[in-house]
Amino acid sequence: MELMLNKLKSTVTKVTADVTSAVMGNPVTREFDVGRHIASGGNKLAWKIFNGFKKSTKQEVAVFVFDKKLMDKYQKFEKDQIIDCLKRGVQQLTRLRHPRLLTVQHPLEESRDCLAFCAEPVSASLANILGNWENLPSPLPSDIKEYNLYDVETKYGLLQVSEGLSFLHSSVKMVHGNLTPENIILNKSGAWKIMGFDFCIQSINPSEQEPKFSSKEWDPNLPSLCLPNPQYLAPEYILSVSCETASDMYSLGAIIYAIFNNGKPIFEVNKQDIYKSFSRQLDQLSRLNSSNLQNIPDDVREHVKLLLNVTPAVRPDADQMTKIPFFDDVGAMTLQYFDSLFQRDNLQKSQFFKGLPKVLPKLPKRVIVQRILPCLTSEFVNPDMVPFVLPNVLLIAEECTKEEYIKLILPDLSPVFRQQEPIQILLIFLQKMDLLLTKTPPDEIKNSVLPMVYRALEAPSIQIQELCLNIIPTFANLIDYPSMKNSLIPRIKNACLQTSSLAVRVNSLVCLGKILEYLDKWFVLDDILPFLQQIPSKEPAVLMGILGIYKCTFSHKKLGITKEQLAGKVLPHLIPLSIENNLNLNQFNSFISVIKEMLNKLEAEHKTKLEQIHLMQEQQKSLDITNQMKPPEESKISNTGNQVRVMYVFSHNWFRLSINKCVLLKGSLTLEEKQKLAKEQEQAQKLKNQQPLKPQPHAITAPVKQTKDLTDTLRDNIASLTTQPINKPKVPSSTSFSSVGIGMGFSSSVENTKRNGLNANMGFQPSGFGMGIGTTSQNFFGNTGVTGMANMNMLPTANMPSYSSLNTTSSAVQQSRPPDMSSLDSLFGPQKPKVSMNQLSQQKTNQWLNQFTPPQGTNSCPLGTQMNVMGQTGFGLQGNPFFNPQNFTQPTNSMVNSSSACKDLNDLFG
């Protein structure tokens with residue numbers, strides 16, 4: 001990369017140095033800025049050609065520079081001869097004025113270092129195009145290296161040279177004397193121009209007589225720049241020291257041969273022995289046949305053979321060459337007509353421009369851009385010609401890239417956008433609007449193109465308005481949305497409402513219907529549909545246009561009409577229109593069909609909404625009750641004064657309930673409900689995966705007595721019972737139930753208390769499904785406080801503590817004073833051995849528990865008994881459907897210790 005940059009830098013430095021050294025100090029630089037070295041031309045390609053601009057007008061020119069360093073090898077008198085020869089050629093060119101001769105913009109100026117003059121803009125010399133790259137910049141310009149002549153360029157170029165020779169021979173009475181590819185220059189537009197009059201010969205006879213030309217003998221001692229190129233000279237120059245106009249025609253034949261043979265001349269001349277070379281050339285020319293000219297096209301081959309004839313009288317003159325069939329080409333004739341366009345009147349021009357679109361596709365793009373486009377855009381200054389020229393310019397624009405369009409066409413087209421007369425200009429632009437919107441930059445579209453469309457919508461001509469409305473949908477997708485919404489749509493609506501023409505009104509509705517897809521849904525609903533109700537006319541075409549817009553909006557996937565607008569605005573507008581008397585049967589059927597579709601959609605949507613609302617209400621009730629069934633979070637165990645947080649979640653059943661809710665509410669849940677349900681499922685899953693908590697006993701500071709057997713505890717309690725009177729217990733006034741989980745409190749009446757001799761309070765605790773039996777103060781289990789005989793919590797673990805272990809834990813916190821055991825001595829004698837609670841638990845349990853169950857038909861217990869909940873005898877609300885057994889799973893470890901203990905007590909104290 002660095003190497004490439006260094007090479008580029010050295011190249012730029014070299015070019016800059018060439019320009020500086022060649023032109024610095026020359027008077028030409030006072031008026032012209034000299035730019036890049038682009039080509040070379042003239043005899044021996046001695047003239048370097050630079051592009052440049054006139055400082056005052058910024059007009060583009062070509063600066064020809066001859067660097068005097070090329071003469072360093074010559075003597076002073078030879079240098080003077082070269083300078084005189086070059087000056088003579090430029091001065092003669094400056095005096096001659098003809099379209100086929102190079103136009104000089106500034107005469108020759110001499111300085112110490114160079115000769116320089118300015119001419120019309122130039123691309124290259126024909127020698128450069130044919131591969132002679134002497135005296136060209138390095139690296140070679142790509143536009144010269146890649147330049148390929150098209151057939152039409154060759155034909156028309158040779159025709160131009162022939163016309164230039166005709167002018168010199170007939171009008172000026174002059175022989176050029178050195179017609180070579182080096183002295184044929186291609187200007188900026190591709191036209192071929194003649195230069196290099198260094199060896200021209202003027203007729204010595206008066207103008208009214210036959211021209212006669214004197215020739216000088218060939219002097220090999222002269223510098224090469226003071227001699228013509230012998231490879232293109234006619235033989236008579238050397239062999240007979242004579243010349244005439246036919247000598248230039250021989251040079252033209254040699255040029256044609258070189259063009260079709262990759263720039264190689266027909267003969268190679270030995271400059272050291274030029275006479276011998278021309279003698280051999282004369283012999284070859286006399287035996288010239290078609291095989292030597294096989295690369296030359298058939299329709300000009302015979303004419304070239306004539307031009308190369310050794311006898312000057314046989315050669316065609318310049319005027320005859322311009323009329324040969326080879327130049328009767330459509331492209332060449334088209335280019336020739338453009339060159340003479342300034343001589344035509346408007347009628348001739350208009351006829352020519354009308355037929356030009358048929359010819360343009362047959363011409364190469366470079367020829368069109370270089371030669372035809374400048375001629376067309378120059379006619380924009382003539383308003384009467386713009387309608388005839390503009391279609392051709394836009395046709396060329398279609399073949400150009402966006403960059404070429406912006407650079408070559410748009411600058412000349414911008415003023416035409418603002419022309420309002422003649423009206424055909426607007427019509428042509430509207431027909432090519434897609435092209436303009438595609439290739440024109442956004443700023444120019446906003447400033448020039450769209451205002452032209454707006455003027456067309458507001459034009460007084462109905463035909464212009466109709467055409468504009470018909471064309472707008474074809475390029476609506478290329479218009480930016482703000483311009484569409486804020487500028488175009490309001491003008492279409494205004495044209496529809498204010499026009500007195502039915503065609504304009506109908507076309508406005510049709511146009512709106514076609515561009516609906518490019519608009520926003522809410523803009524259509526809030527702006528377009530209300531506008532339809534403002535249209536005053538009731539003609540069938542207008543009504544069908546209104547119906548069409550409604551139908552397009554209703555059926556379009558992106559747009560659509562809400563059911564509220566259908567019910568409130570659309571149907572109340574359409575139904576009265578459907579019964580207008582002007583409508584025929586087919587039109588009425590179209591209205592009814594659309595109305596039915598709208599009604600069906602309205603019915604389906606609203607029915608679905610009501611069904612969803614109903615379903616949501618039902619599910620809301622279900623959700624409310626389900627929320628009451630949420631599993632408890634913790635249960636407190638206070639047997640030893642320690643508080644342990646225990647979590648128990650019915651994970652399987654809760655997850656199943658959640659899935660059932662999802663299925664039940666599918667399609668009708670709101671986002672908030674779905675989020676809530678997802679959180680519930682996530683919490684249930686976390687609780688399911690959580691390890692169960694195990695109660696950990698706290699350290700007891702007081703000394704703990706050794707755990708006694710249950711029999712000893714019972715003896716102590718009974719002993720205290722026999723010594724103290726029994727007071728009436730207080731019956732709880734109410735039984736409470738937790739909203740989450742299953743809880744049951746059971747209280748006996750006063751009569752049952754007297755009958756059974758105890759005050760029982762049984763129930764499931766709210767957090768943990770535990771069942772305990774306890775008494776108030778002065779019961780038969782203790783003297784003071786509330787002591788629990790058993791407090792069982794069913795945990796989701798297999799390691800549940802037994803009843804006996806819980807009892808011993810409870811007894812450990814009794815009073816330190818040992819109870820009186822004498823009351824039990826009679827019960828436990830030798831015939832009645834002591835038994836433990838574990839042994840008692842194996843007996844039947846139902847008999848004792850039945851004491852606390854009121855007989856059938858009594859109202860002593862207001863709450864019913866629910867059996868077999870989670871595999872245990874439990875208590876629940878009778879008839880509650882949400883407490884069904886299938887809603888819960890059975891724990892792996894069922895507990896029967898409480899029932900067994902009750903049976904033992906019944907057997908003992910019944």
Side-chain angles (χ1 to χ4, degrees), residues 346-347 349-350 353-354 357 379-395 397 412-437 440 444-479 483-515 518 528 531-532 534-546 548-549:
N346 286 346
L347 181 60
K349 290 180 182 179
S350 62
F353 291 141
K354 285 180 181 179
E379 291 293 327
F380 283 155
V381 296
N382 186 356
D384 295 334
M385 286 292 102
V386 173
F388 302 100
V389 175
L390 188 57
N392 297 289
V393 174
L394 296 179
L395 185 60
D412 296 311
L413 209 58
S414 296
V416 185
F417 287 143
R418 301 177 180 85
Q419 292 186 12
Q420 301 184 20
E421 295 293 338
I423 198 63
Q424 289 84 358
I425 297 175
L426 186 57
L427 296 177
I428 295 170
F429 276 133
L430 289 176
Q431 293 171 348
K432 294 292 184 179
M433 190 59 62
D434 54 341
L435 168 68
L436 299 177
L437 294 177
T440 305
E444 193 68 22
I445 290 176
K446 184 176 180 180
N447 297 329
S448 300
V449 179
L450 289 182
M452 181 177 57
V453 178
Y454 304 153
R455 289 197 304 269
L457 288 174
E458 298 169 348
S461 173
I462 294 177
Q463 289 77 13
I464 295 295
Q465 287 183 326
E466 288 185 42
L467 178 63
C468 185
L469 292 170
N470 290 330
I471 292 177
I472 284 175
T474 62
F475 60 82
N477 61 318
L478 302 175
I479 302 177
S483 299
M484 174 83 73
K485 176 181 177 181
N486 301 323
S487 300
L488 185 61
I489 296 298
R491 285 177 169 84
I492 295 176
K493 292 165 56 179
N494 190 54
C496 181
L497 293 176
Q498 296 186 0
T499 186
S500 59
S501 171
L502 177 61
V504 172
R505 182 164 293 162
V506 173
N507 284 320
S508 300
L509 295 174
V510 173
C511 179
L512 284 176
K514 290 181 178 180
I515 64 177
Y518 307 115
I528 302 297
F531 152 74
L532 299 179
Q534 303 174 10
I535 300 176
S537 59
K538 303 296 181 183
E539 290 84 357
V542 176
L543 297 182
M544 295 306 295
I546 294 174
I549 293 178

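All heavy atoms count here, side chains included; hydrogens, waters and symmetry mates do not.
Surrounding NZ of Lys514 are at most 12 heavy atoms belonging to other residues, nucleotides or ligands under 6.0 Å away.
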Can you check side-chain contact (heavy atoms from CB on, under 4.5 Å) on Ser508 and Lys493, steps first, answer last? CA-CA 7 Å; Ser508 300; Lys493 292 165 56 179; over 6 Å; no
Under the side-chain contact (heavy atoms from CB on, under 4.5 Å) rule, what do Val453 and Cys468 come out as? Steps first, then yes or no, please. CA-CA 7 Å; Val453 178; Cys468 185; 3.9 Å; yes
Check step by step if side-chain contact (heavy atoms from CB on, under 4.5 Å) holds for Leu457 and Asn494. CA-CA 9 Å; Leu457 288 174; Asn494 190 54; over 6 Å; no
Apply the test side-chain contact (heavy atoms from CB on, under 4.5 Å) to residues Leu509 and Phe531: give CA-CA distance (whole Å), side-chain angles for both, the deciding distance (0.1 Å), then the verdict. CA-CA 11 Å; Leu509 295 174; Phe531 152 74; 4.3 Å; yes
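Interatomic distance, Ile428 CD1 to Phe388 CZ, rounded to the nearest 0.5 Å: 9.0 Å. In this structure, the separation between CZ on Phe429 and CG on Leu413 is 4.5 Å, given to the nearest 0.5 Å. Of the inter-residue distances, the one linking Ile472 atom CD1 with Leu467 atom CG reads 9.5 Å to the nearest 0.5 angstrom. Distance check: Thr499 OG1 to Asn507 CG gives 10.0 Å after rounding to the nearest 0.5 Å. Summarising the geometry, atom NZ belonging to Lys349 is positioned 7.0 Å from atom CE belonging to Met385; distances are rounded to the nearest 0.5 Å. With rounding to the nearest 0.5 angstrom, the CD1 atom of Ile479 is 7.5 Å from the CD1 atom of Ile515.
Listed by first and then second residue, the side chain to side chain donor-acceptor pair (under 3.5 Å) pairs that reach into residues 462-478 are Ser461-Gln463, sequence neighbours excluded.
Of all the heavy atoms in Phe380 and Asp412, the pair that sits closest is CD1-O, 3.5 Å. Residues Leu469 and Val504 share a closest heavy-atom pair of CD1-O, 3.6 Å. Nearest heavy atoms, Met452 versus Leu426: CG-CD1, 3.1 Å. In terms of heavy-atom proximity, Glu444 sits nearest to Thr440 at CB-CG2, 3.4 Å. Between Leu435 and Leu394, the shortest heavy-atom distance links the atoms CD2-O, 3.5 Å. Considering all non-hydrogen atoms of both residues, Ser537 and Arg505 come closest at OG-NH1, 3.1 Å.
Side-chain atoms of Ile471 and Asp434, non-hydrogen and from C-beta on, never get closer than 4.5 Å to each other. A heavy-atom distance below 4.5 Å is found between the side chains of Leu347 and Ser350. A 4.5 Å side-chain heavy-atom check between Ile489 and Ile528 finds at least one atom pair inside the cut-off.
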